[in-house]
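These notes are about the structure you will find just below.
Residue numbers start at 1 and run along the sequence shown. Given the structure is predicted, the values throughout are model-derived calculations rather than measurements. Just so it is clear, the values below take in all heavy atoms, side chains as well, and ignore hydrogens, waters and symmetry mates.
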Amino acid sequence: MSIDFQLLSKIQQTVLLDALFVVLVISFYKGPLWVIRHLPMTRQKWDRWNERTAEKSFQEMSRSLHTLGLDDAPSDSLRAAGKASAGEIRLRYRILTFIIGAVAGDMVMAVVKTIETGQLAPDLRPRNLLTAVIITPILIWAADHNPAVSRYRFLIATRAAIQLCEAVYSSAGDDRPSALRALDQACANVRRSVLRIHRVHGSLGRFSPRRHSVKRNAALVAAKLQQMEDQVDTRGAESMKDLARVLVTIANNYAESKIGQLLPEADLEGVVAPEGRAPGLRLAAVVLATAIVACSWILLGYPGEGMPIAAGAAAALSSIAAYGPRAAMARVAELRNILGF
């Protein structure tokens, strides 16, 4: 077994150059944004645009609450929470979607060109494939790794679940099964967000003594949501009102930074939180599987051209095995809500 040190050197150089490229792209994005935020003339227009985007985003939720007879449900803090950054976050994700779509479209055209000509297109060469494999996850991480983005995603997830409660409540006949499936998916997304609240909210340090109580309350709230979802098949449409009221309460308390008491203690009496799995275990498994395949490919002396494809396939397959299609569908639905589609 021989190690191709020349290939390792090329991979190292590619990673460093791609990381530098990503830093430049993010800087070009954040630079004008910083100017817009700090100039008085543009700041006022920017704030008004964010407010309009947030208000438009939550109008449908208000109509859903009215249909469910929950006009008295406290939602002022929830509706006001996104006004500081709703438009900016939507713009951020639309730019990211455009970049990923452009890269994916370019790759598809390169495959078609390769099939037609019988020669490997330049975009499918190892250097370009490795660039795409490195840059795309970093850009996704940069779009998500922001406290304002994480907080807004939590509110968007609860808003979508509330609207689907109304959809189930108003559905009949053949429309009801599909509405229930969509509600299951949305509620699962909310539960995941609740269980990650100590990381999502951005107000807790890694070693903060408050983390334990926040995580304990989040586990109870997630279990309570699960119990209320189970009532859908026994109480029917009327259970949608109670579920929507709980979701509004959670989101409103979250918007008010009451992350240690998302629901009143009276609502959590008798609720037992299930034992959770180790955080990040599935992600660590995906990263480990990808790294093992990539390193094995190099150490076994296989052609370097196939290493990015093998690593990408390992990442995709291990992600499907670890997370399943349900999590992917929930992520797509969340992105659609953020983008306003």
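- Side chain of T158 to backbone of L155: a donor-acceptor contact under 3.5 angstrom is found.
- Taking 4.5 Å as the limit, some side-chain heavy atom of R181 sits within range of a side-chain heavy atom of S178.
- Side-chain atoms of V221 and V246, non-hydrogen and from C-beta on, never get closer than 4.5 Å to each other.
- Residues satisfying the side chain to side chain donor-acceptor pair (under 3.5 Å) test with N252, not counting sequence neighbours, are E256.
- A salt bridge (charged side-chain N to carboxylate O under 4.0 Å, His left out) check over residues 284-293, counting only residues at least two apart or in different chains, returns nothing.
- Under the side chain to side chain donor-acceptor pair (under 3.5 Å) criterion, D242 pairs with R235, not counting sequence neighbours.
- Distance check, rounded to the nearest 0.5 Å: CD of E60 to CD1 of I162 gives 12.0 Å.
- Within the 4.5 Å cutoff, side-chain heavy atoms of L243 are placed close to those of L183.
- When hydrophobic clusters are built by joining Ile, Leu, Val, Met, Phe, Trp and Tyr residues whose side-chain heavy atoms come closer than 4.5 Å, directly or via intermediates, L195 is not grouped with L263.
- Across all non-hydrogen atoms, the minimal contact from V190 to A161 is CG2-CB, 4.0 Å.
- Not one N or O on the side chain of R191 forms a donor-acceptor pair closer than 3.5 Å with the backbone of L225.
- Scanning both residues, S193 and A157, for their nearest heavy atoms gives OG-CB, 4.4 Å.
- Partners of E51 according to the side chain to side chain donor-acceptor pair (under 3.5 Å) rule, which considers only residues two or more places apart in sequence or in another chain, do not exist here.
- Applying the side chain to side chain donor-acceptor pair (under 3.5 Å) criterion to R210, with sequence neighbours excluded, gives no partner residue.
- Side-chain contact between V232 and M240: present, with at least one pair of heavy atoms (C-beta onward) separated by less than 4.5 Å.
- Of all heavy-atom pairs spanning I259 and Y254, the tightest one is CG2-CD1, 4.0 Å.
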- Item | Stepwise side chain to side chain contact (heavy atoms under 4.5 Å, CB included) test for E269 and L220 | CA-CA 9 Å; E269 289 183 3; L220 292 173; over 6 Å; no
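- Each of I197, T249, V214 was evaluated against L262; a single residue qualifies, I197, per the side chain to side chain contact (heavy atoms under 4.5 Å, CB included) test.
- Judged purely by atom type and a 3.5 angstrom limit, K224 uses its side chain to pair as donor or acceptor with the backbone of D267.
- With hydrogens and angles left out, the side-chain atoms of E166 and S170 include a donor and acceptor closer than 3.5 Å.
- Annotation: side chain of F154 is not in contact with side chain of R196 (no heavy-atom distance under 4.5 Å).
- Under a cut-off of 6.0 angstrom, the local environment of CZ in R176 is crowded, with over 12 non-hydrogen atoms contributed by other residues, nucleotides or ligands.
- Taking CD of E55 as the reference point, atom CG of N50 lies at 13.0 Å (rounded to 0.5 Å).
- Separating the OG atom in S64 from the CG atom in L247 is a distance of 11.5 Å, to the nearest 0.5 Å.
- Pairs passing the ring pair (Phe, Tyr, Trp, His ring centres under 6.0 Å) check and including a residue from residues 49-73, sequence neighbours excluded, read W46-W49.
- Rounding to the nearest 0.5 Å gives a distance of 8.5 Å between CE of M61 and CZ of R159.
- Here CG of L65 is found 7.5 Å from CG of D71. Values are rounded to the nearest 0.5 Å.
- In this structure, CG on L164 lies 10.0 Å from CG on L180, to the nearest 0.5 angstrom.
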